[in-house]
Novice: 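Got a structure here, written out as structure tokens. Questions coming.
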Amino acid sequence: MRLLILGGTKFLGRVLAEQALQRGHEVTTFNRGRSGDDVPGVSVIRGDRTSGQDLTALADAGPWDAVIDPAV
């Protein structure tokens, strides 16, 4: 399964990324790169969810089977 996790460097997002990788899923994280180290093994897309340009770049990198937003 291809998963996109918004954030993914701290707290719940990090644990979800680690667990998904352990289960053999392909994981991409989308974050600003400011609050923690990336989980080894994930694909990282840098950007800000409030930037239309960054969201367009993110959409171009998909599709994903599921998107997880731990902040909501």
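The first residue in the sequence is number 1, and the count goes up from there.
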Novice: Taking side-chain contact (heavy atoms from CB on, under 4.5 Å) as the test, write out the residues that go with Asp65, two or more places apart.
Specialist: Met1, Arg2
Novice: Counting C-beta onward and ignoring hydrogens, is there a side-chain heavy-atom pair between Arg14 and Val39 closer than 4.5 Å?
Specialist: yes
Novice: Do Leu21 and Leu4 belong to the same hydrophobic cluster, where Ile, Leu, Val, Met, Phe, Trp and Tyr are linked whenever their side-chain heavy atoms lie under 4.5 Å apart, directly or via other members?
Specialist: no
Novice: Quick one: closest heavy-atom pair of Pro70 and Gly13, and the distance?
Specialist: CG-CA, 3.7 Å
Novice: Are Val27 and Leu12 linked, directly or through other ILVMFWY residues, by side chains that come within less than 4.5 angstrom of each other?
Specialist: yes
Novice: Do you know the tightest heavy-atom contact between Val42 and Ala17?
Specialist: CG1-CB, 4.3 Å
Novice: Carefully, step by step, assess Arg46 and Asp38 under the rule salt bridge (Lys or Arg N to Asp or Glu O under 4.0 Å).
Specialist: CA-CA 11 Å; Arg46 294 280 185 241; Asp38 296 303; 2.6 Å; yes
Novice: side-chain hydrogen bond (donor to acceptor under 3.5 Å, both in side chains) with Arg23: which residues, sequence neighbours excluded?
Specialist: Gln19
Novice: With a cut-off of 6.0 Å (strictly less than), are more than 12 heavy atoms of other residues, nucleotides or ligands near CG of Asp37?
Specialist: no
Novice: Decide whether Ile5 and Leu58 are clustered together by the hydrophobic rule: side chain heavy atoms of Ile, Leu, Val, Met, Phe, Trp, Tyr closer than 4.5 Å, transitively.
Specialist: no
Novice: Any chance you could measure Ile68, atom CD1, to Leu6, atom CG, to the nearest 0.5 Å?
Specialist: 9.0 Å
Novice: Can you list the residues that meet the side-chain contact (heavy atoms from CB on, under 4.5 Å) rule with Ala71, with sequence neighbours excluded?
Specialist: Arg49, Asp69
Novice: I'd like to check the side-chain contact (heavy atoms from CB on, under 4.5 Å) partners of Ala61; sequence neighbours left out, ordered by chain and number.
Specialist: Ile45, Trp64
Novice: With sequence neighbours left out, what residues match Asp54 under side-chain contact (heavy atoms from CB on, under 4.5 Å)?
Specialist: Phe30, Asp48, Ser51
Novice: Is Val15 isolated, or which residues cluster with it under the ILVMFWY side-chain rule of less than 4.5 Å, directly or via members?
Specialist: none
